[in-house]
Number of protein chains: 2
Amino acid sequence: MVKRVRGSRTGRPIMVLLDLLGRRWVLRIVWELREEPRRFRELQDAIGASPTIVNSRLAELRDARLVELDADSGYRLTVLGKELLRLFLPLHVWSEKWVKAI
Amino acid sequence: MVKRVRGSRTGRPIMVLLDLLGRRWVLRIVWELREEPRRFRELQDAIGASPTIVNSRLAELRDARLVELDADSGYRLTVLGKELLRLFLPLHVWSEKWVKAI
DNA sequence: TCCATTACTACATTTTCTGTAGCGTCGGTC
DNA sequence: GACCGACGCTACAGAAAATGTAGTAATGGA
């Protein structure tokens, strides 16, 4: 299920993960889903990317079991996706400090 | 100093940060520098990217004050870079769990 | 002077992303 | 049962980014 992709030639979990998260829009999509589910177009408008790439990133995130589509509410984080997001939340605070330093 | 780039149209710190980290090879480079400094070519070989892109990503990371070049030892994380890395370390453990789930 | 090491650049080719238009399905409403 | 809007998603040409390979320029030691 884990695809042989891009930078992750070793197959080590951390590399596969960094490879996935390092793709354009992936972090941003996870971030946009942090509070509530979003519809495809809503998500697309929020991040400002083309539908083509939004769709392919969503497909990758669904493959990775981080995002799922609920027919009633839209795209949302899975349990795994929420765990990952929790690891990322400290970035929010840290980014404020970082911006002041640069 | 913060460039107007790609997805970060708002200029909100978290968006600027997610935009930077979401570029190909950036997370990987930070990860490769987690333990000790690395020479340009060493880094390039480790991640398997072209020198062109390694160089431009390093330039971005240096602009962002996350990485610096020490003539004696090579590229290394700055204090800010180490702080950021610390936020990322939990990913390592989590990625093992994640891979088992997919 | 020669050679190795270093960071880095040039550039043609390949891959990826964008922007825009539109498709197909489904659930109403008249 | 024909129309409409919302929905997820696809097609495709043009633009942008990354690759792969070769090479430049600076530095330091023999």
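Lettering follows sequence order; numbering is per chain, from 1.
For R41(A) against dG8(D), a side-chain-to-base donor-acceptor contact under 3.5 Å is present. For dA18(D), its base never sits under 3.5 Å from the side chain of S56(B) at any donor and acceptor pair.
Contacts of R38(B) with the nucleic acid, taken as non-hydrogen atoms under 4.0 Å apart, are absent.
Atom P of nucleotide dG8(D) and atom CZ of R39(A) are separated by 5 Å, given to the nearest angstrom. When the C1' atom of dA7(C) is taken as reference, atom CG of L58(B) falls 10 Å away, rounded to whole Å. Note: CZ (F40(B)) to P (dA4(C)) measures 21 Å, nearest angstrom. In this entry the distance linking CD of E68(B) with P of dA7(C) reads 15 Å, nearest Å. Atom CG in L61(A) sits roughly 16 Å away from atom C1' in dG8(D) (whole-Å rounding). Across the protein-nucleic acid pair, R23(A) atom CZ and dT15(C) atom C1' stand 13 Å apart, rounded to whole Å. Distance CG (L43(A)) to P (dA6(D)): 18 Å, rounded to an integer number of Å. Between the CD1 atom of I53(A) and the P atom of dA17(D) there is a distance of 13 Å, given to the nearest Å.
Distance CD/Q44(B) to OG1/T52(B): 8.5 Å, rounded to 0.5 Å.
At a threshold of 4.0 Å, the pair D45(B)-R41(B) does not count as salt-bridged, since none of the basic side-chain nitrogens sits closer than that to a carboxylate oxygen.
When hydrophobic clusters are built by joining Ile, Leu, Val, Met, Phe, Trp and Tyr residues whose side-chain heavy atoms come closer than 4.5 Å, directly or via intermediates, I29(B) is grouped together with L69(B). Note: the hydrophobic cluster containing L85(B) does not contain V93(B) (ILVMFWY, side chain heavy atoms under 4.5 Å, direct or indirect links).
Closest to the R24(A) side chain, of the nucleotides dT10(D), dT21(D), dA17(D), is dA17(D). Listed nucleotides: dG19(C), dT10(D), dT19(D). Nearest to the side chain of N55(A): dT10(D).
Checking the phosphate oxygens (OP1, OP2) of dA17(D), no side-chain nitrogen or oxygen of W25(B) falls inside 4.0 Å.
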ask   = How far apart are the C-alpha atoms of R57(B) and E60(B), what are their side-chain angles, what is the distance that settles it, and do they pass the salt bridge (charged side-chain N to carboxylate O under 4.0 Å, His left out) test?
value = CA-CA 5 Å; R57(B) 291 301 180 260; E60(B) 290 161 6; 3.4 Å; yes

